[in-house]
2 protein chains.
Amino acid sequence: MKKFPQKTVTRTLLYVRTLDNLLEQGKKFVSSWELAEITDLTDVQIRKDISNFGRVGRPRLGYEIRKLKSILEEYVLQHTVHVVLFGVGNLGSAIIRYPGFHNEKIKMVAAFDVDKKKVGKKIRDVKIYSFDEATKVVPKTHAEIGIIAVPAEHSQETADIIVASGLRGIVNFTPTTINVPKDVFVKNIDLSIEFLSLFCDIQRT
Amino acid sequence: MKKFPQKTVTRTLLYVRTLDNLLEQGKKFVSSWELAEITDLTDVQIRKDISNFGRVGRPRLGYEIRKLKSILEEYVLQHTVHVVLFGVGNLGSAIIRYPGFHNEKIKMVAAFDVDKKKVGKKIRDVKIYSFDEATKVVPKTHAEIGIIAVPAEHSQETADIIVASGLRGIVNFTPTTINVPKDVFVKNIDLSIEFLSLFCDIQRT
DNA sequence: ATTTAATTGTGAAATTAATAACGATTGTGG
DNA sequence: CCACAATCGTTATTAATTTCACAATTAAAT
């Protein structure tokens with residue numbers, strides 16, 4: 001499988017999401033221009049991205065939505081992603097309950113917390129285990145990604161547990177940088193930085 | 001004020017965060033190489049970014065942390081950002097309680113929900129108002145940014161209210177694209193896309 | 001059947017971002 | 001005081017990404 005730039009992948013996932021919505025609206029075809037309007041990108045950008053995956057559009061008609069969607073998914077969404085959560089606090093619970101995950105594409109398969117009072121309980125069918133059980137439980141879940149939603153001061157030890165459990169992907173919601181082996185991929189989501197950088201955008205105009 | 005690429009701004013905010021931590025550890029100086037280790041960037045990248053803001057480093061010693069921090073903040077963090085929240089559900093409540101916001105840089109000043117049972121209550125000193133009150137209440141709060149944490153199907157109407165309230169920045173947590181005037185800045189945080197793109201990274205190796 | 005207009009797909013140009021190379025500076029140790 | 005080694009800052013180079021320009025295609029209209 002050819003590999004595409006990170007940015008292309010992100011945009012492609014956005015196209016898939018958009019195509020899903022258009023399908024629900026009963027549309028059959030969509031042009032690059034329409035997609036551009038919806039996604040706030042340019043039509044050329046969209047055609048170029050799509051051209052990575054083959055010649056799928058038809059002049060004068062645009063793209064057949066169902067077909068385009070299935071071709072894009074072939075590259076960026078082969079099968080369901082299984083996720084485990086570390087830290088069932090405010091943010092962690094919200095993530096478990098996040099409606100965007102209640103589809104066939106992402107499945108939360110287990111949660112872990114140090115608080116003994118939470119261990120054994122369930123949130124929305126997701127069972128909560130103790131941190132100590134992680135290296136035993138995680139492999140059984142076939143998870144691919146671990147979420148760090150613990151207090152910032154425990155992010156590194158949580159990352160270590162995630163790595164020890166055999167996961168190769170981490171989404172880190174704490175405002176810290178974690179150290180992991182170089183074959184483990186980390187995505188940092190620092191809400192403060194998101195807000196502050198948006199604020200900079202506003203002020204620069 | 002000169003304007004810098006979005007990416008430079010994001011990295012700079014990351015530097016500020018890192019410098020904060022180093023200060024807490026009692027460090028006085030830091031080299032570009034050390035910063036690179038921590039942030040997972042390259043030393044050249046860091047020196048280049050910093051050079052945008054002036055000559056502040058000293059050969060053989062590196063950067064004086066306190067000085068560097070204050071210079072960077074001058075460009076990316078002039079004053080506190082005030083934020084209002086729309087949608088006090090699971091995710092919204094978690095955002096209000098998010099510890100990363102309990103500092104002097106970001107301040108949540110009001111929340112809005114359609115649920116009359118929530119209106120009038122408070123979460124962590126943040127008062128919850130009804131949606132109808134937004135255009136009246138928001139201007140009084142001096143907020144700059146609005147958060148959309150409502151169910152996806154109401155994202156557009158919420159965006160319209162935010163725009164009508166005079167805000168020029170929106171952080172959109174719903175998996176939808178919203179339409180806003182072009183002088184309003186939007187940052188989309190689609191958790192599904194974050195997870196799926198990370199999954200692609202993993203599989204591509 | 002022919003023309004027309006809309007739309008895709010793509011190679012080239014332009015822009016933006018990252019990396020490398022290296023000179024300049026300055027603490028430090030002899 | 002001098003040589004050395006570490007580190008910054010900057011210019012040049014390379015790489016990645018986006019935009020442009022336009023040829024190719026084809027549904028629709030006549």
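Only a predicted model underlies this, so the values are computations on that prediction, with no experimental measurement involved. Letters go in sequence order (proteins before strands), and every chain restarts at 1.
- Side-chain N/O atoms of B:Arg47 include none lying less than 4.0 angstrom from OP1 or OP2 on C:dA18.
- The only option from B:Asp160, B:Asn172, B:Val184 that meets the side chain to side chain contact (heavy atoms under 4.5 Å, CB included) definition with B:Ile178 turns out to be B:Asn172.
- At a threshold of 4.0 Å, the pair B:Lys122-B:Asp125 does not count as salt-bridged, since none of the basic side-chain nitrogens sits closer than that to a carboxylate oxygen.
- Protein atom CG of B:Leu41 is 15 Å distant from nucleotide atom P of C:dA17, rounded to whole Å.
- Not a single donor-acceptor contact under 3.5 angstrom links the side-chain atoms of A:Arg55 to the base of C:dG9.
- Atom-to-atom, CG of B:Asp43 to P of D:dT7 comes out at 10 Å; the value is rounded to the nearest Å.
- Judged by distance alone with a 3.5 Å cut-off, no donor-acceptor contact links the side chain of A:Arg58 to the base of D:dA27.
- Here the side chain of A:Arg11 is nearest to one of D:dT18, C:dA5, C:dT25, namely D:dT18.
- Between the P atom of C:dT8 and the CD1 atom of A:Ile71 lies a distance of 15 Å, rounded to the nearest Å.
- One can place OH of B:Tyr63 at 16 Å from P of C:dT25, the figure rounded to the nearest angstrom.
- The base of D:dT17 is not paired with the side chain of A:Lys48 by any donor and acceptor separated by under 3.5 Å.
- A sub-4.0 Å separation between OP1 or OP2 of D:dT7 and a side-chain N or O of B:Ser31 is absent.
- When the C1' atom of C:dT7 is taken as reference, atom CG of A:Leu68 falls 15 Å away, rounded to whole Å.
- The residue B:Ser32 sits close only to the backbone: its heavy atoms come under 4.0 Å of sugar-phosphate atoms, none of a base.
- Atom CH2 in A:Trp33 sits about 12 Å away from atom P in C:dT8, given to the nearest Å.
- Between A:Thr42 and D:dT19 there is a side-chain N or O to OP1 or OP2 distance below 4.0 Å.
- In this structure the side chain of A:Leu196 never reaches within 4.5 angstrom of the side chain of A:Cys200, judged on heavy atoms.
- Between A:Asn90 and B:Ser93 there is no side-chain heavy-atom pair separated by less than 4.5 Å.
- For the pair B:Gln45 CD and D:dC8 C1', the computed distance is 16 Å after rounding to whole Å.
- Taking the six-membered ring for Trp and thresholds of 30 and 60 degrees, A:Tyr75 and A:Phe53 have ring planes inclined between 30 and 60 degrees apart.
- Of the two residues near DNA chain D, A:Pro59 and B:Val44, the one whose nearest nucleotide lies more 5' is B:Val44.
- Residue B:Arg60 has its side chain nearest to C:dG27 when only C:dG27, C:dA5, C:dT8 are considered.
- To the nearest angstrom, P of C:dT16 lies 17 Å from CG of B:Asp49.
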